Trainee: 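Sharing a structure with you now.
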Amino acid sequence: MYALVDGNNFYVSCERVFRPSLNGLPVCVLSNNDGCAISRSNEAKALGITMGAPWFKIKHLAETDGLVALSANFALYGDLSDRMMSLAAGLGPHQEIYSIDESFIDLSDVAGNLTERSHKIRSRILQWVGIPCGIGIGSTKTLAKLANHVAKSAERKPGSYPEQLAQVCNLAVLTPSELDAVFAATPVNEVWGIGRQISKQLIDGGVKTVLDLVRLDPAMVKRRWSVVLERTVRELQGINCVELEHSPQPKQEIACTRSFGHPVTELADLSEAVTEFASRAAQKLRKQSSLAGQVLCFIRTSPFRREEQYSRSVTIPLRRPSADTAIIVEAALTGLAAIYRRGFKLAKAGVMLLDLQPDTVQQQELALEDDGSHDRSRLMSTLDDLNQRYGRGTILLASAGLAGDRRAWSMKQERRTPGYTTCLDDLAVAHA
DNA sequence: TCTGGGGTCCTAGGACCC
DNA sequence: TCTGGGGTCCTAGGACCC
């Protein structure tokens, strides 16, 4: 038995914790560059704002309907996420943190009334952290996800599901006919693992609701679609196919990519950007104690603009696996020089680290004399410590250029809220 | 004028091997 | 006109997730 605890409209809810005046208003949080809406309050959803809607297309709603848009403040969301997760962990013995706002809890050996217990945890998260959650319970992870969808929909859209399923929905205690009714009321595209392409194919084939899907023969589903969809069908039928991850697995690839605030044409500016992306990626790499075998660098124009497109990537193998910022930046810049072409308005660039392996199994080269690698790794730890303590960008490679917003490629963030819980200068002040 | 960032898994097809 | 069978490894691309 699993529970899925999921923060409602998470980023917007985080902003509301520190600005309660936003309650009841249509609010959305924008992606980097204030590009598009990535979190929406219920009121914003009711205005018809879809996930990923470009800001310039919904901007007019600020004047006509009082829509409030905020730049993403990931430091704040990460911190509130940690607090929410530690309370959610109280639900059962094992927790898998699935994303910034979701965690699965293994309830297999938890005694007592799971629904009541979940309501208590939900209230505690709301009171202690300020984030409203939905909790779904089911015998597989896919069913728990579905239950979570029901819990949130029942609350947001009265009449969509029975009222008592709002906020906490435990599918395991429903009678077979109640369960069928829930399945029949849920469109197939709401199922975890069924996206746009597959749901279109299913609907074309007459499979419109979860009830239609759960009644299919898994073997047929595998033949006609894939093992992935077969697993989903089995999970909906109550057969566990996706285990809980008890400990977070190290990443198999690490990326740092950004869209630019303005189009970039010059190699010098691109080199600064790529230096920074590669440095940040290397830092993430060291944080999970890994080494990279290859470095990928890419640049591209904006696919949304009607002009000649240019998109190239190149993968540079390292002579031996490394987590050294200087080596990774050098590889990325070598790659950049190879794919750069003058005359294109570039909109985005990125660095990815591939072929990752634990730093404990590093294959040593036959060294006839001390190659200084020990000193290098101490230098990297010192670099990370200083940037951790005094803030990102305190120490960086000279090829990263000037820090701050003077760079040609810096992203736009015009509606950023304070780092309420992560920056001393931004602490809220209580007035007597 | 203005459209995010960071991941995972699976499959098909090519290269290569005996 | 005709051209085996079986296997592994790698990569690119598609689909999905939040």
Side-chain angles (χ1 to χ4, degrees), chain A residues 4-11 28-40 49-60 62 69 71-74 77-78 81 96-104 141-142 145 148-149 188-202 222-223 225-232 241-243 245 248-263 277 280-281 284-285 288 293-294 296 298 300-307 311 313-315 317 345 347-356 411-415:
Chain A
L4 180 73
V5 185
D6 183 333
N8 298 350
N9 314 330
F10 187 66
Y11 297 165
C28 64
V29 169
L30 302 176
S31 62
N32 281 341
N33 287 314
D34 296 339
C36 44
I38 52 173
S39 178
R40 306 152 292 147
I49 297 173
T50 54
M51 186 64 174
W55 170 235
F56 73 91
K57 286 188 181 173
I58 56 173
K59 209 172 188 169
H60 63 278
S71 301
N73 184 346
F74 291 111
Y77 312 150
S81 171
E96 173 190 342
I97 294 176
Y98 179 68
S99 74
I100 192 161
D101 69 332
E102 285 174 76
S103 67
F104 288 102
K141 287 167 83 173
T142 304
K145 282 282 271 188
N148 185 273
H149 165 77
V188 79
N189 62 298
E190 298 293 350
V191 174
W192 190 35
I194 298 185
R196 288 240 303 280
Q197 306 297 321
I198 306 295
S199 65
K200 183 174 183 312
Q201 291 168 24
L202 286 168
K222 182 177 180 180
R223 278 198 310 275
W225 280 278
S226 65
V227 288
V228 184
L229 191 60
E230 181 202 10
R231 272 202 296 256
T232 298
C241 305
V242 188
E243 296 298 311
E245 298 273 4
Q249 300 302 304
K251 301 262 181 279
Q252 299 172 38
E253 48 185 73
I254 286 174
C256 184
T257 71
R258 288 286 176 282
S259 296
F260 302 131
H262 304 280
F277 302 160
R280 298 260 284 267
K284 291 187 206 172
L285 185 68
Q288 73 160 29
Q294 306 191 72
L296 180 148
F298 75 85
R300 65 153 219 227
T301 50
S302 169
F304 300 105
R305 294 177 70 101
R306 271 201 300 275
E307 56 192 28
S311 174
S313 73
V314 62
T315 305
K345 290 182 185 167
K348 184 170 180 172
V351 172
M352 294 193 221
L353 306 181
L354 313 172
D355 247 354
L356 306 192
M411 66 183 180
K412 277 184 289 196
Q413 277 204 314
E414 292 165 356
R415 304 150 180 278

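Every chain is numbered from 1 and lettered A, B, ... according to where its sequence line falls, protein lines coming before strand lines. As the structure is a computational prediction, the values presented were derived from the model and not from experiment.
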Trainee: Identify the 5'-most and 3'-most nucleotides of DNA chain C with at least one atom closer than 4.0 Å to a non-hydrogen atom of chain A.
Mentor: C:dA15 to C:dC18
Trainee: Are the charged groups of A:R305 and A:E307 less than 4.0 angstrom apart, N to O?
Mentor: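 Yes, A:R305 and A:E307 are salt-bridged.
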Trainee: Using a heavy-atom cut-off of 4.0 Å across all strands, would you classify A:K200 as base, sugar-phosphate, or nothing?
Mentor: nothing
Trainee: Just call it for A:K251: base, sugar-phosphate, or nothing, with non-hydrogen atoms closer than 4.0 Å on any strand.
Mentor: sugar-phosphate
Trainee: Under 4.0 Å, heavy atoms only, any strand: does A:E253 hit a base, just the sugar-phosphate, or nothing?
Mentor: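 Base, at least one base heavy atom under 4.0 Å.
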Trainee: Pick the nucleotide of DNA chain B nearest each of A:A255 and A:P263; which residue has the one closer to the 5' end?
Mentor: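 Nearest-nucleotide comparison on DNA chain B picks A:P263.
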Trainee: Pick the nucleotide of DNA chain B nearest each of A:V227 and A:F304; which residue has the one closer to the 5' end?
Mentor: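 Its nucleotide being nearer the 5' end, the pick is A:F304.
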Trainee: How is A:R280 classified with respect to the nucleic acid when contacts are heavy atoms under 4.0 Å: base, sugar-phosphate, or nothing?
Mentor: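 It contacts nothing in the nucleic acid.
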Trainee: With a 4.0 Å cut-off, would you call A:E96 and A:K141 a salt bridge?
Mentor: yes
Trainee: Less than 4.5 Å apart, any side-chain heavy atom of A:Y77 and any of A:V29?
Mentor: yes
Trainee: Test side-chain contact (heavy atoms from CB on, under 4.5 Å) on A:W225 and A:Q201; report intermediate values, then the result.
Mentor: CA-CA 9 Å; A:W225 280 278; A:Q201 291 168 24; 2.8 Å; yes
Trainee: Check every strand shown and say whether A:V242 touches a base, only sugar-phosphate, or nothing at a heavy-atom separation below 4.0 Å.
Mentor: nothing
Trainee: When you check the gap from the basic side-chain N to the acidic O, do A:K145 and A:E102 get nearer than 4.0 Å?
Mentor: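 Yes.
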Trainee: Regarding A:I198, tell me which of base, sugar-phosphate or nothing describes its non-hydrogen contacts under 4.0 Å with the strands shown.
Mentor: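 Sugar-phosphate: the residue A:I198, judged by heavy atoms under 4.0 Å, touches backbone atoms but no base.
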Trainee: Categorize A:I194 for me: base, sugar-phosphate, or nothing, with a 4.0 angstrom heavy-atom threshold over every strand shown.
Mentor: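 Sugar-phosphate, backbone atoms only, no base.
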Trainee: If B:dC16 has a Watson-Crick or G-U wobble mate with both distances under 3.5 Å, name it; if not, just say none.
Mentor: C:dG7
Trainee: Which residue, A:S81, A:S39, A:S99, forms the side chain to side chain contact (heavy atoms under 4.5 Å, CB included) with A:F10?
Mentor: A:S81
Trainee: Quote, to the nearest angstrom, the P distance that separates C:dC18 from B:dT3.
Mentor: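 Those two atoms are separated by 25 Å.
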Trainee: Under 4.0 angstrom, heavy atoms only, what part of the nucleic acid is A:D101 near: base, sugar-phosphate, or nothing?
Mentor: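 Touches sugar-phosphate only.
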Trainee: Quick one: sort the A:F74 and A:Y11 rings into parallel, tilted or perpendicular, breaks at 30° and 60°.
Mentor: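 Plane angle over 60°, so perpendicular.
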Trainee: What contact category does A:K348 fall into here, base, sugar-phosphate, or nothing, at under 4.0 angstrom with non-hydrogen atoms?
Mentor: sugar-phosphate
